[in-house]
Student: 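Supplied in structure tokens, the structure appears directly below.
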There are 2 protein chains.
Amino acid sequence: MQNSKYSCQRENIIKVLKSTKSHPTADWIYDKVREEIPNISLGTVYRNLSRLSSEGEVQKISLGVGGDHFDGDISSHAHFVCNKCGKIADIYTDYSNLLKTDAEAKIGASVNSCSVILYGLCSECGRKISNKSK
Amino acid sequence: MQNSKYSCQRENIIKVLKSTKSHPTADWIYDKVREEIPNISLGTVYRNLSRLSSEGEVQKISLGVGGDHFDGDISSHAHFVCNKCGKIADIYTDYSNLLKTDAEAKIGASVNSCSVILYGLCSECGRKISNKSK
DNA sequence: ACAATAATGATAATTGTTACTATTATTATA
DNA sequence: TATAATAATAGTAACAATTATCATTATTGT
């Protein structure tokens, strides 16, 4: 392929991201990749994450609080975020076709990705709170 | 009510946000409110927007590119963002119950808000591109 | 009117991210 | 397997968006 060259930094970023089920930030990925490539630069991590997510190889998750998170799992699924502990959970239901079709019918746009983020209280945090009030 | 006091700054921020169909950033709201309260501080705008959105009085929209946007319309609806021109459009379908019920069944969390953002090419930008290729 | 305190304006500080530039690594071709 | 072209990098500076600080002002209950 032209105007694209291999880099082991990028390979490692992909590897790290595809092998975790957490939904890490650029910073976390940076720390993790540094275990193998100690002198990698944070800028390189950002540059590659941005490239990879615009290529659709990874997914960016913007929660609106703190920095962006990334997901190596690009299957269509939603995310749940606990407002208390901040945990991010996957919800494997594919709404994307429904949403896509509906949006295209309603406003005539062509949709190529969608982000579904639910906010609330996770079961664990919910339990803690109801225990306290006993 | 206790620990809460009226402020005309907050009232104005709400008024501005509820009376536009655009999905402005804090900065845009700041400029708009300054027309009535010229010496309002940008920090006050941020402080109130953050408070109002956590109270559920307005909605915060995090696109993952540039600053956050805000929506005075808190009815359940999705947003479409054009990757080309950046336009944000409302899509009035209420997915929230579907998403909420599904998530609660799957992971036992209690959901209290949800964000649905679709990305793609708006009809206008799509038209421009197909014209160019003639 | 007064006291308690929430909210503000002005500004400094912080955070997350992008831009810049000289150097290094990859790749296609001779 | 050298060479030339150029993509990618490390290191760092710059930037934008947001939050924190703090002295002052405004609101509210008594």
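Below, chain A is the first sequence line, B the second, and so on; all start at residue 1.
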Student: Which one, D:dT18, D:dA8, C:dA7, comes nearest to the side chain of B:Ser7?
Tutor: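 Taking heavy atoms from C-beta onward, the closest nucleotide is C:dA7.
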Student: Kindly say if B:Tyr46 contacts the phosphate of D:dT18, meaning a side-chain N or O under 4.0 Å from OP1 or OP2.
Tutor: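 It does, given that an N or O in the side chain of B:Tyr46 lies less than 4.0 Å from OP1 or OP2 of D:dT18.
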Student: Any side-chain N or O of A:Asn3 under 4.0 Å from OP1/OP2 of D:dA8?
Tutor: no
Student: Within the 3.5 Å criterion, strictly below it, is a donor on A:His79 or A:Asp90 matched to an acceptor on the partner's side chain?
Tutor: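 Judged by distance alone, the side chains do pair up.
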Student: Measure CD/A:Glu11 against P/C:dT26 and give the value in whole Å, please.
Tutor: 11 Å
Student: With nearest nucleotide decided by heavy atoms, which residue, B:Leu42 or B:Tyr6, maps closer to the 5′ end of DNA chain D?
Tutor: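 Its nucleotide being nearer the 5' end, the pick is B:Leu42.
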Student: In whole Å, I'd like the distance from the OH atom of A:Tyr30 to the P atom of D:dT9.
Tutor: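 Atom-to-atom, A:Tyr30 to D:dT9, this comes out as 14 Å.
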Student: Answer with yes or no whether the side chains of A:Asp27 and A:Thr25 bring together a donor and an acceptor at under 3.5 Å.
Tutor: no
Student: Examine distances only and state if a side-chain atom of B:Asp102 and a backbone atom of B:Leu98 form a donor-acceptor pair shorter than 3.5 Å.
Tutor: no
Student: Distance check needed: D:dT30 P versus B:Lys5 NZ, whole Å only.
Tutor: 12 Å
Student: When the distance from CH2 of B:Trp28 to P of D:dA17 is rounded to whole Å, what number comes out?
Tutor: 16 Å
Student: Measure from NZ or CZ of A:Arg34 to the centre of the six-membered ring of A:Tyr30, then state whether that distance is under 6.0 Å and the direction lies within 45° of the axis.
Tutor: yes
Student: Strictly below 4.0 Å: does A:Gln9 bring a side-chain N or O up to OP1 or OP2 of C:dA25?
Tutor: no
Student: Grab the CZ-P distance between A:Arg51 and D:dA7 for me, whole Å please.
Tutor: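 Rounded to whole Å, this separation is 11 Å.
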Student: How is A:Asp27 classified with respect to the nucleic acid when contacts are heavy atoms under 4.0 Å: base, sugar-phosphate, or nothing?
Tutor: nothing
Student: Please check the phosphate of C:dA7 (OP1 and OP2 only) for any side-chain N or O of B:Arg47 closer than 4.0 Å.
Tutor: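 For B:Arg47, the contact criterion (side-chain N or O under 4.0 Å from OP1 or OP2 of C:dA7) is not met.
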Student: Got more than 12 heavy atoms from elsewhere within 6.0 Å of NZ, B:Lys32?
Tutor: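 No, the 6.0 Å shell around NZ holds no more than 12 heavy atoms from other groups.
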Student: Can you tell me which nucleotide in C:dA25, C:dT8, C:dA6 comes closest to the side chain of B:Thr44?
Tutor: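 Selected nucleotide: C:dT8.
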Student: Rounded to whole Å, please give me the gap between CD1 in A:Ile37 and P in C:dA25.
Tutor: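 Distance check: A:Ile37 CD1 to C:dA25 P gives 12 Å.
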Student: Closer than 4.0 Å, any side-chain N/O of A:Ser4 to the OP1 or OP2 of D:dA7?
Tutor: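 Indeed not, no polar side-chain atom of A:Ser4 lies that close.
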Student: Should we count CD of B:Glu11 as having more than 12 external heavy atoms under 6.0 Å?
Tutor: yes
Student: Assuming nearest nucleotide by heavy-atom distance, tell me which of B:Phe70 and B:Cys8 is located more 5' along DNA chain D.
Tutor: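 This one resolves to B:Phe70.
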Student: Has A:Arg10 got a side-chain N or O lying under 4.0 Å from the OP1 or OP2 atom of D:dA7?
Tutor: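 Indeed not, no polar side-chain atom of A:Arg10 lies that close.
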Student: Between B:Ser41 and C:dT8, is there a side-chain N or O to OP1/OP2 distance below 4.0 Å?
Tutor: no
Student: Whole angstrom is fine here: how far is it from CG in B:Leu52 over to P in D:dT18?
Tutor: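 My rounded result for the distance is 15 Å.
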Student: Nearest whole angstrom, please: distance from the P of D:dA10 to the CG of A:Asn48.
Tutor: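 After rounding, the reported distance stands at 9 Å.
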Student: If only side-chain N and O atoms of B:Asn39 are considered, is one of them under 4.0 Å from the OP1 or OP2 phosphate oxygen of C:dT8?
Tutor: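 For C:dT8, neither OP1 nor OP2 has a side-chain N or O of B:Asn39 closer than 4.0 Å.
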